[in-house]
Protein chains: 2
Amino acid sequence: MQKNTSHAAGLHRASLRKLHDLDAALELMYYGWRGMTLSADQYLATVGLSRPHHRILYVVARQPDISIGALIEILGISKQAVNRPLNLLLQRKLLTSKRSPEQHRSKLLRLTEAGKRVEQRASDHERKVLREAFDRVGPPGAAAWMAVMGVIADNN
Amino acid sequence: MQKNTSHAAGLHRASLRKLHDLDAALELMYYGWRGMTLSADQYLATVGLSRPHHRILYVVARQPDISIGALIEILGISKQAVNRPLNLLLQRKLLTSKRSPEQHRSKLLRLTEAGKRVEQRASDHERKVLREAFDRVGPPGAAAWMAVMGVIADNN
DNA sequence: GTTCTCACGTCAATATAGTTGACGTTAGGG
DNA sequence: CCCTAACGTCAACTATATTGACGTGAGAAC
């Protein structure tokens with residue numbers, strides 16, 4: 001008789017007793033985040049990267065020639081925290097950094113072709129999960145989801 | 001002329017160029033998670049606790065006399081990872097652990113009154129954010145949000 | 001009753017993602 | 001020309017997780 005300690009990765013969308021009417025929603029937010037990022041993280045792990053690397057790739061893909069300072073602003077973490085994953089990406093040639101001759105102060109970041117591929121594949125995993133969910137509820141449901149998330153996201 | 005490096009905590013719901021139609025949704029998930037947990041985390045910090053402590057308190061509140069093993073199953077992390085925050089909560093007397101005379105093998109966890117207060121206040125911060133968002137879109141929107149998140153959460 | 005086994009729980013070492021502090025470099029304004 | 005402040009890097013530390021090793025106790029085999 002084997003105990004089921006092995007498949008702990010699935011992490012059990014818990015059937016906890018609900019003390020409040022919004023407890024279910026609260027738990028959904030938690031497991032939703034995990035559900036969206038899980039397959040992307042698994043893919044990233046196969047290429048030796050993780051979430052912070054993906055976040056950098058994601059932003060640079062959408063704003064080529066961004067400076068490190070601007071990148072930091074968007075990511076909301078310290079420049080020192082960005083440094084290590086950023087250097088790994090440069091070293092792996094997923095990113096390039098050049099200083100333009102006249103603006104010598106900041107480095108400008110850009111994805112290489114390999115970097116674009118990784119960014120796209122990782123983000124595709126996340127978008128696939130979202131797409132399936134939106135398909136399940138139709139455009140009005142998707143719009144409602146976006147509206148709710150917009151309000152929640154503005155709580156900063 | 002002061003540069004705005006100080007309020008970096010607000011982390012800028014970025015106005016990035018959208019490469020795909022679902023990019024906006026993807027970013028909303030990220031900032032939504034942060035938006036929901038931010039005020040709760042700030043409260044927890046004032047009492048010297050953080051997210052893993054809250055997760056433990058949350059589960060124990062909803063399943064009194066839970067064993068450490070069962071707690072681990074629900075949290076989806078290793079028993080070693082649970083150990084340190086759990087011991088802090090015991091030491092701070094926010095949790096009690098007793099071994100029942102006949103089931104001497106596992107410890108049974110329970111919240112103290114102080115533990116209940118902390119759990120409730122932290123979770124209230126999160127529920128407040130959700131409630132405001134749901135109020136903004138009405139019951140059908142809330143239901144749609146739950147449906148979408150349910151599908152996403154099942155991606156494990 | 002003794003002993004074997006295994007779940008439960010703890011301790012130690014390591015990895016990863018973040019922080020703050022200190023420092024060199026470069027651009028631009030007195 | 002030099003002072004200042006932004007940009008970027010290096011080093012040290014903290015927090016949250018991981019895996020591995022180990023002690024303890026309950027229940028079964030004998």
Side-chain angles (χ1 to χ4, degrees), chain A residues 1-6 8-9 11 30 33-34 37-38 41-42 44-45 47-57 65-91 95-109, chain B residues 1-6 8-9 11 30 33-34 37-38 41-42 44-45 47-56 65-91 95 97-109:
Chain A
M1 239 236 296
Q2 187 76 6
K3 238 238 125 187
N4 58 352
T5 40
S6 49
L11 72 70
Y30 180 74
W33 172 254
R34 295 293 228 98
T37 56
L38 192 66
D41 285 340
Q42 284 170 349
L44 287 164
V47 290
L49 300 176
S50 57
R51 190 127 297 276
H53 306 105
H54 182 203
R55 295 225 288 142
I56 293 171
L57 294 175
D65 284 336
I66 190 175
S67 70
I68 295 184
L71 178 64
I72 285 159
E73 271 285 300
I74 291 172
L75 294 181
I77 59 177
S78 67
K79 56 185 176 179
Q80 295 90 335
V82 162
N83 199 322
R84 222 167 343 180
L86 184 59
N87 279 334
L88 180 66
L89 294 173
L90 288 168
Q91 176 193 320
L95 280 183
T96 57
S97 83
K98 25 170 206 189
R99 299 183 186 262
S100 62
E102 59 285 339
Q103 227 311 36
H104 210 244
R105 240 166 128 157
S106 18
K107 289 182 177 177
L108 305 182
L109 303 173
Chain B
M1 247 259 271
Q2 186 78 3
K3 236 240 135 176
N4 57 353
T5 41
S6 51
L11 71 69
Y30 180 73
W33 171 253
R34 296 292 228 101
T37 55
L38 191 65
D41 285 340
Q42 284 170 347
L44 286 164
V47 291
L49 300 176
S50 57
R51 190 127 298 274
H53 306 104
H54 182 201
R55 294 225 289 142
I56 294 171
D65 284 336
I66 191 175
S67 70
I68 296 183
L71 178 63
I72 285 159
E73 271 283 300
I74 291 172
L75 294 180
I77 60 177
S78 66
K79 56 185 177 179
Q80 295 89 336
V82 161
N83 199 320
R84 219 160 354 174
L86 183 59
N87 279 334
L88 180 65
L89 294 173
L90 288 168
Q91 177 193 320
L95 281 183
S97 82
K98 25 168 206 188
R99 299 184 186 261
S100 62
E102 60 283 339
Q103 226 313 33
H104 211 244
R105 241 166 127 156
S106 18
K107 289 183 179 178
L108 306 181
L109 303 173

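The model shown is predicted, which means the values in this text are computed figures rather than measured ones. A, B, ... follow the sequence lines: proteins, then strands. Residue 1 opens every chain.
Between atom CD1 of residue A/I56 and atom CD1 of residue A/I77 there is a gap of 6.5 Å, rounded to the nearest 0.5 Å.
Look at CZ on A/R55: it is 11 Å from C1' on C/dG18, rounded to the nearest Å. Rounded to whole Å, the distance from CD1 on A/I72 to C1' on C/dA17 is 15 Å. Atom CZ of B/R34 is separated from atom P of C/dA17 by 15 Å (rounded to the nearest Å). Atom CG in A/D41 sits about 10 Å away from atom P in C/dA17, given to the nearest Å. The nearest whole Å value for the distance from the CG atom in A/L108 to the C1' atom in D/dG8 is 13 Å. Note: NZ (B/K107) to P (D/dT24) measures 14 Å, nearest angstrom. Rounded to whole Å, atom C1' of D/dA15 lies 10 Å from atom NE2 of B/H53.
Phosphate proximity of C/dA17 to A/S50: present, with a side-chain N or O under 4.0 Å from OP1 or OP2.
Note on ring orientation: taking the six-membered ring where Trp is involved, the planes of A/W33 and B/Y30 are tilted (angle from 30° to 60°).
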key: Trace of the side-chain contact (heavy atoms from CB on, under 4.5 Å) decision for B/S97 with B/L109   = CA-CA 5 Å; B/S97 82; B/L109 303 173; 3.7 Å; yes
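Within the 4.5 Å cutoff, side-chain heavy atoms of A/D65 are placed close to those of A/K98. You'll find the side chain of A/H53 reaches within 4.5 Å of the side chain of A/L88, heavy atoms only.
Listed by first and then second residue, the salt bridge (charged side-chain N to carboxylate O under 4.0 Å, His left out) pairs that reach into residues 47-56 of chain B are B/D41-B/R51, B/R51-B/E126, sequence neighbours excluded.
Residues from residues 77-90 of chain A lying near DNA chain C, meaning a heavy-atom separation below 4.0 Å, are A/I77, A/S78, A/Q80, A/A81, A/R84 in numerical order.
Comparing B/G69 and A/P52 against DNA chain C, the residue whose closest nucleotide sits nearer the 5' end is B/G69.
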